[in-house]
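Note that the structure is a prediction, hence the values are computed from the model and not measured.
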Amino acid sequence: ELVLASYNASTGDILYTFKQTFPRIILAESLTHTIASKNTSSSRAISTKSHLLSILKNPFLPSYIGQYKAGMQAGTEIEGWRRTLLEGLWSVSRYAMVGISFCCWRLGAHKQFTNRLTEPWAWIEQIWSSTDVENEILLRNHPDAEPHYHELARQKAELVTKVKDHILNGIESPETAGRCQTIRHGKWHLPFTRREQDWLD
């Protein structure tokens, strides 16, 4: 989700702030991109009860399961009964870890211990800000990228295109309406604040 895009009229740069929701399993890969300022939700900050309920109600389930082969990229996507069985195994396996996490919580363990047990099924949110979004898109919006990161980068690439159309060509879309601004010297990029006209103009 685009939070705010600020076009610097002096330099031509665009500073983007996105709110990203993605599987916890690709967090390490997202952190390798140091061209952005990031703030990510932590499983240590969420109560065990809330965390476990979210894993039960809305677990992360892989959208792509590739054939085993050597190297970092999986082979062709598995289909048919084997795909159905693999999806079922991934989904069902969370119940065992939810049960173990719950027992650890009832035994008095802190959420920084209990919540770690169910991270493979967790979604996280991240606030992401940068002027160099094209670098990440170039690397991750690619068939050889991790499939779930590929999807995140594809969605981001679509938003970036809409932002540029809005700012440079005046073509507004639902995703960019009220979320793009032109800033000049002395003005600020302030996402998650009440934007007043006197400092936007």
Side-chain angles (χ1 to χ4, degrees), residues 1-2 16 18-36 38-105 111-128 130 133-162 175:
E1 176 189 353
L2 175 69
Y16 301 87
F18 295 105
K19 179 181 176 183
Q20 308 182 145
T21 302
F22 56 88
R24 177 70 170 71
I25 63 168
I26 64 169
L27 175 60
E29 290 187 57
S30 78
L31 296 178
T32 63
H33 294 278
T34 57
I35 44 84
K38 312 176 194 76
N39 193 332
T40 310
S41 61
S42 170
S43 57
R44 295 174 62 217
I46 303 168
S47 72
T48 298
K49 182 178 179 180
S50 296
H51 180 72
L52 294 182
L53 285 174
S54 70
I55 297 298
L56 291 173
K57 291 180 180 179
N58 184 33
F60 161 67
L61 302 174
S63 60
Y64 182 95
I65 304 174
Q67 300 272 356
Y68 175 82
K69 70 170 191 174
M72 290 181 65
Q73 285 83 33
T76 57
E77 192 164 7
I78 296 174
E79 297 178 349
W81 67 267
R82 290 192 302 151
R83 171 61 178 259
T84 302
L85 182 57
L86 288 166
E87 288 176 344
L89 288 170
W90 179 283
S91 178
V92 169
S93 63
R94 78 185 190 276
Y95 292 112
M97 294 314 298
V98 165
I100 292 171
S101 178
F102 179 80
C103 290
C104 293
W105 174 53
K111 57 192 174 184
Q112 72 180 6
F113 177 85
T114 59
N115 290 359
R116 301 291 194 207
L117 294 167
T118 52
E119 285 183 347
W121 300 272
W123 297 92
I124 59 170
E125 290 185 349
Q126 183 182 79
I127 305 304
W128 187 103
S130 181
V133 65
E134 285 82 4
N135 179 270
E136 182 187 33
I137 289 173
L138 179 66
L139 292 171
R140 301 296 182 172
N141 188 21
H142 189 280
D144 288 340
E146 199 282 339
H148 304 92
Y149 205 154
H150 182 189
E151 175 59 20
L152 177 66
R154 183 194 66 76
Q155 293 180 26
K156 190 180 288 185
E158 288 183 357
L159 282 173
V160 167
T161 298
K162 290 177 180 179
E175 295 86 356

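Here the straight-line distance linking atom CZ of Phe22 with atom CD of Glu29 works out to 10.0 Å at 0.5 Å rounding. With rounding to the nearest 0.5 angstrom, the OH atom of Tyr95 is 15.0 Å from the CD1 atom of Ile100. Residue Thr48 holds its OG1 atom at 10.5 Å from CD of Gln112, rounded to the nearest 0.5 Å. We find the CD1-CD distance between Ile35 and Glu134 to be 9.5 Å, quoted to the nearest 0.5 Å. In this structure, Trp90 CH2 and Ile65 CD1 are separated by 8.5 Å, a value rounded to the nearest 0.5 Å. With values rounded to the nearest 0.5 angstrom, Leu152 atom CG is found 10.0 Å from Arg140 atom CZ.
Counting only heavy atoms from C-beta outward, the side chains of Leu53 and Lys49 approach each other to under 4.5 Å. Gln126 has its side chain within reach of Leu31: a pair of non-hydrogen atoms, C-beta onward, lies under 4.5 Å apart. For the pair Leu139 and His33, the minimum side-chain heavy-atom distance is below 4.5 Å. When side chains are defined from C-beta on, His150 counts as touching Asn141, because their heavy atoms get closer than 4.5 Å. With contacts defined as side-chain heavy-atom distances shorter than 4.5 Å, the pair Glu1/Glu125 does not qualify. Counting heavy atoms from C-beta outward, Glu158 and Glu175 have side chains that stay 4.5 Å or more apart.
Tyr149 and Ser30 get closest at one heavy-atom pair: OH-CA, 3.4 Å. When every heavy atom of Cys104 is checked against every heavy atom of Phe113, the shortest pair comes out as SG-CE2, 3.7 Å. Taking all atoms of both residues into account, the shortest heavy-atom contact from Gly66 to Ala74 is CA-CB, 3.7 Å. Taking all atoms of both residues into account, the shortest heavy-atom contact from Ala122 to Phe60 is O-CB, 4.1 Å. Across every non-hydrogen atom of Ile124 and Ser41, the tightest pair is CB-OG, 3.5 Å. Of all heavy-atom pairs spanning Ser54 and His51, the tightest one is OG-O, 2.7 Å.
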Tell me, with the steps shown, if Ile55 and Met97 meet side chain to side chain contact (heavy atoms under 4.5 Å, CB included). CA-CA 10 Å; Ile55 297 298; Met97 294 314 298; over 6 Å; no
Kindly indicate, with the supporting measurements, whether the criterion side-chain hydrogen bond (donor to acceptor under 3.5 Å, both in side chains) is fulfilled by Lys156 and Gln20. CA-CA 9 Å; Lys156 190 180 288 185; Gln20 308 182 145; 2.5 Å; yes
Please lay out, stage by stage, how Thr118 and Ser101 fare under the test side-chain hydrogen bond (donor to acceptor under 3.5 Å, both in side chains). CA-CA 7 Å; Thr118 52; Ser101 178; 5.0 Å; no
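A donor-acceptor pair under 3.5 Å is absent between the side-chain atoms of His148 and the main chain of Pro62, judged by distance alone. No side-chain donor-acceptor contact under 3.5 Å links Thr32 to the backbone of Ala28. Side chain of Arg94 to backbone of Leu56: a donor-acceptor contact under 3.5 angstrom is found. A donor-acceptor pair under 3.5 Å links the side-chain atoms of Gln73 to the main chain of Asp144, judged by distance alone. Panel note: side chain Ser93, backbone Leu89; a donor-acceptor pair is recorded below 3.5 Å. Between the side chain of Asn115 and the backbone N or O of Ile46, at least one donor-acceptor pair lies under 3.5 Å.
A side chain to side chain contact (heavy atoms under 4.5 Å, CB included) with Trp121 holds for exactly one of Pro59, Pro23, Ser91; it is Pro59.
A salt bridge links Glu87 to Arg83: at least one charged side-chain nitrogen sits closer than 4.0 Å to a carboxylate oxygen.
In this structure, a donor-acceptor pair under 3.5 Å is present between the side chains of Ser43 and Glu119.
With a 6.0 Å radius and a threshold of 12 heavy atoms from other residues, nucleotides or ligands, Arg116 has its CZ atom above the threshold.
Taking the six-membered ring where tryptophan is involved, the planes of Trp128 and Phe18 are tilted, since the angle between them lies from 30° to 60°.
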